[in-house]
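To start, I am sharing the structure in question, which I have written as structure tokens.
By convention in this document, chain letters (A, B, ...) are assigned in the order of the sequence lines, proteins followed by strands, and residues within each chain are numbered from 1.
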Number of protein chains: 2
Amino acid sequence: MRHVSAQLDIDTAILSKIERGERKATREQITKLADILELDRESLLIQYLSEKILYEIQDEDLGIQALKVAEKTIKYGVTKNK
Amino acid sequence: MRHVSAQLDIDTAILSKIERGERKATREQITKLADILELDRESLLIQYLSEKILYEIQDEDLGIQALKVAEKTIKYGVTKNK
DNA sequence: ATTAACTTGACAATAAATGTCAAATGTAAA
DNA sequence: TTTACATTTGACATTTATTGTCAAGTTAAT
């Protein structure tokens with residue numbers, strides 16, 4: 001654990017918490033972890049992103065609908081106006 | 001504008017920014033806005049949530065895939081372990 | 001009992017979101 | 001055109017969320 005956390009530039013405390021889901025990892029940490037643990041980077045990232053998404057809509061009745069709208073928006077390449 | 005912003009408990013400056021997309025509204029502000037402007041609350045909320053989602057995955061190649069994973073997760077009622 | 005690995009909780013540091021204010025700009029009617 | 005009010009802008013303050021450190025507490029193996 002010391003080895004891994006060192007490579008991640010954090011102390012073991014956080015790593016421990018991340019492992020047990022008490023803390024969220026950083027995007028950067030995710031990719032580093034993928035490398036270190038030789039896991040599939042894409043899968044990990046997808047997992048990570050999907051967790052962030054779910055976090056946003058947790059206990060929202062309209063969550064699913066929002067997801068679908070988001071999907072369509074992406075597909076149709078709608079750009080956000082500044 | 002003063003009227004509306006007063007009801008939202010913010011000054012006109014923010015309202016102005018929200019209207020022109022420089023600032024994000026709060027969830028609470030969204031629902032109040034729906035009432036004040038007599039818009040459909042659900043639609044506004046869905047719009048609001050979907051924007052938050054899109055924000056999370058902006059310029060992520062794996063965004064769409066993450067969305068799909070998130071959807072499935074919701075459908076299967078997977079609960080997040082504390 | 002000693003040691004090293006891991007966990008926990010209280011707190012510090014940083015970063016992001018939200019808000020205020022005051023000054024600048026726009027707009028229309030007198 | 002000046003006055004009066006509405007809207008916008010930007011610089012900054014406040015609040016809230018996220019990420020991190022540290023020190024003390026467990027656990028497990030020897």
Side-chain angles (χ1 to χ4, degrees), chain A residues 1-39 41 44-60 62-63 66-67 69-70 73-74 78-82, chain B residues 1-39 41 44-60 62-63 66-67 69-70 73-74 78-82:
Chain A
M1 210 170 196
R2 274 187 293 102
H3 298 328
V4 175
S5 64
Q7 296 188 71
L8 289 178
D9 261 333
I10 55 178
D11 80 24
T12 65
I14 298 187
L15 181 53
S16 167
K17 287 168 187 166
I18 289 177
E19 283 179 336
R20 63 195 45 256
E22 274 184 41
R23 280 290 179 89
K24 295 178 249 170
T26 283
R27 214 212 105 109
E28 203 188 356
Q29 290 164 351
I30 292 293
T31 58
K32 282 188 185 168
L33 264 179
D35 291 348
I36 298 170
L37 305 181
E38 303 192 31
L39 299 171
R41 180 189 290 246
L44 260 199
L45 269 177
I46 292 176
Q47 186 57 34
Y48 165 72
L49 290 172
S50 116
E51 268 165 26
K52 290 183 75 171
I53 291 170
L54 289 169
Y55 181 77
E56 292 297 330
I57 61 179
Q58 71 188 162
D59 49 57
E60 285 283 354
L62 304 167
L67 277 177
V69 170
T73 307
I74 283 193
V78 178
T79 317
K80 182 62 186 169
N81 46 334
K82 206 311 175 46
Chain B
M1 212 170 196
R2 274 188 294 103
H3 299 329
V4 175
S5 64
Q7 296 188 71
L8 288 178
D9 262 332
I10 55 178
D11 83 25
T12 64
I14 298 187
L15 181 51
S16 166
K17 287 167 187 165
I18 290 177
E19 284 180 334
R20 63 197 43 255
E22 273 184 41
R23 282 290 179 88
K24 296 179 247 171
T26 282
R27 213 212 105 111
E28 203 190 356
Q29 290 164 352
I30 291 292
T31 57
K32 282 188 184 168
L33 263 180
D35 291 347
I36 298 170
L37 305 182
E38 302 193 31
L39 300 170
R41 181 189 290 245
L44 261 199
L45 269 177
I46 291 176
Q47 187 54 34
Y48 166 72
L49 291 173
S50 116
E51 267 165 27
K52 289 182 76 171
I53 292 170
L54 289 169
Y55 181 77
E56 292 298 330
I57 61 179
Q58 70 187 164
D59 48 57
E60 284 283 355
L62 303 167
L67 277 176
V69 171
T73 307
I74 282 193
V78 179
T79 317
K80 181 63 187 170
N81 45 335
K82 204 314 174 45

Whole angstrom value for the distance that separates P of D:dG20 from CG of A:L15: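 These atoms are roughly 11 Å apart.
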Taking NE2 from A:H3 and P from C:dA4, how many angstroms apart are they, rounded to a whole number?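 Distance check: A:H3 NE2 to C:dA4 P gives 13 Å.
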Can you measure B:Y48 atom OH to C:dA17 atom C1' for me and round it to whole angstrom units?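 It is 11 Å, rounded to the nearest whole Å.
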With side-chain contact (heavy atoms from CB on, under 4.5 Å) as the test, would you mind laying out the steps for A:E56 and B:E56 before giving the verdict? CA-CA 9 Å; A:E56 292 297 330; B:E56 292 298 330; 3.2 Å; yes
What parts of residues 24-37 of chain B reach DNA chain C, counting only heavy atoms under 4.0 Å away?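 Within this stretch, B:K24, B:Q29 sit under 4.0 Å of the strand.
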Do the charged groups of B:R27 and A:E60 touch, with an N to O distance under 4.0 Å?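 Yes, charged N to carboxylate O under 4.0 Å.
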Evaluation steps, side-chain contact (heavy atoms from CB on, under 4.5 Å), between A:I57 and B:I74: CA-CA 10 Å; A:I57 61 179; B:I74 282 193; 3.5 Å; yes
Nearest-Å distance for atom pair CZ/P, residues B:R20 and D:dG10: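 Roughly 11 Å, once rounded to whole Å.
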So does A:Y55 get a side-chain nitrogen or oxygen closer than 4.0 Å to the phosphate oxygens (OP1/OP2) of D:dA17?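 A:Y55 to D:dA17 OP1/OP2: no side-chain N or O under 4.0 Å.
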Test side-chain contact (heavy atoms from CB on, under 4.5 Å) on B:K24 and B:I18; report intermediate values, then the result. CA-CA 6 Å; B:K24 296 179 247 171; B:I18 290 177; over 6 Å; no
Using whole Å, report how far NZ of B:K17 lies from P of C:dA17.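 For the pair B:K17 NZ and C:dA17 P, the rounded distance is 15 Å.
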For B:E28, does the CD atom sit with more than 12 other heavy atoms under 6.0 Å from it, leaving out its own atoms?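 No - once you tally the heavy atoms of other residues, nucleotides and ligands closer than 6.0 Å, there are 12 at most.
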Report the distance from atom CZ of B:R23 to atom P of D:dG10, rounded to the nearest whole Å.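 To the nearest whole Å, that distance equals 12 Å.
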Got a donor-acceptor contact below 3.5 angstrom from the A:Y48 side chain to the A:I30 backbone?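 Such a contact is absent between A:Y48 side chain and A:I30 backbone.
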Within 45° of the six-membered ring axis of A:Y55 and under 6.0 Å from that ring's centre, is NZ or CZ of B:K52 located there?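 No, cation not above the ring by the 6.0 Å, 45° rule.
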Gap between atoms CD and P, on A:E19 and D:dT19 respectively (whole Å):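 Going from CD in A:E19 over to P in D:dT19 covers 17 Å.
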Has the side chain of A:S16 got a donor or acceptor atom that lies under 3.5 Å from a matching backbone atom of A:T12?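 Not confirmed, A:S16 side chain does not pair with A:T12 backbone.
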Is there a side-chain contact (heavy atoms from CB on, under 4.5 Å) between A:D11 and A:S5? Walk through the geometry before answering. CA-CA 6 Å; A:D11 80 24; A:S5 64; 5.8 Å; no
Whole angstrom is fine here: how far is it from CD1 in A:I18 over to P in D:dT18?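 A:I18 atom CD1 is separated from D:dT18 atom P by 14 Å.
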Ignoring the backbone of B:R2, work out which of D:dA6, C:dA17, D:dT19 is nearest its side chain.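 The closest nucleotide is D:dA6.
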Do any of residues 6-14 of chain B sit with a heavy atom less than 4.0 Å from DNA chain C, and if so which?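 Of all residues in residues 6-14 of chain B, the ones placing a heavy atom under 4.0 Å from DNA chain C are B:I10, B:D11, B:A13, B:I14.
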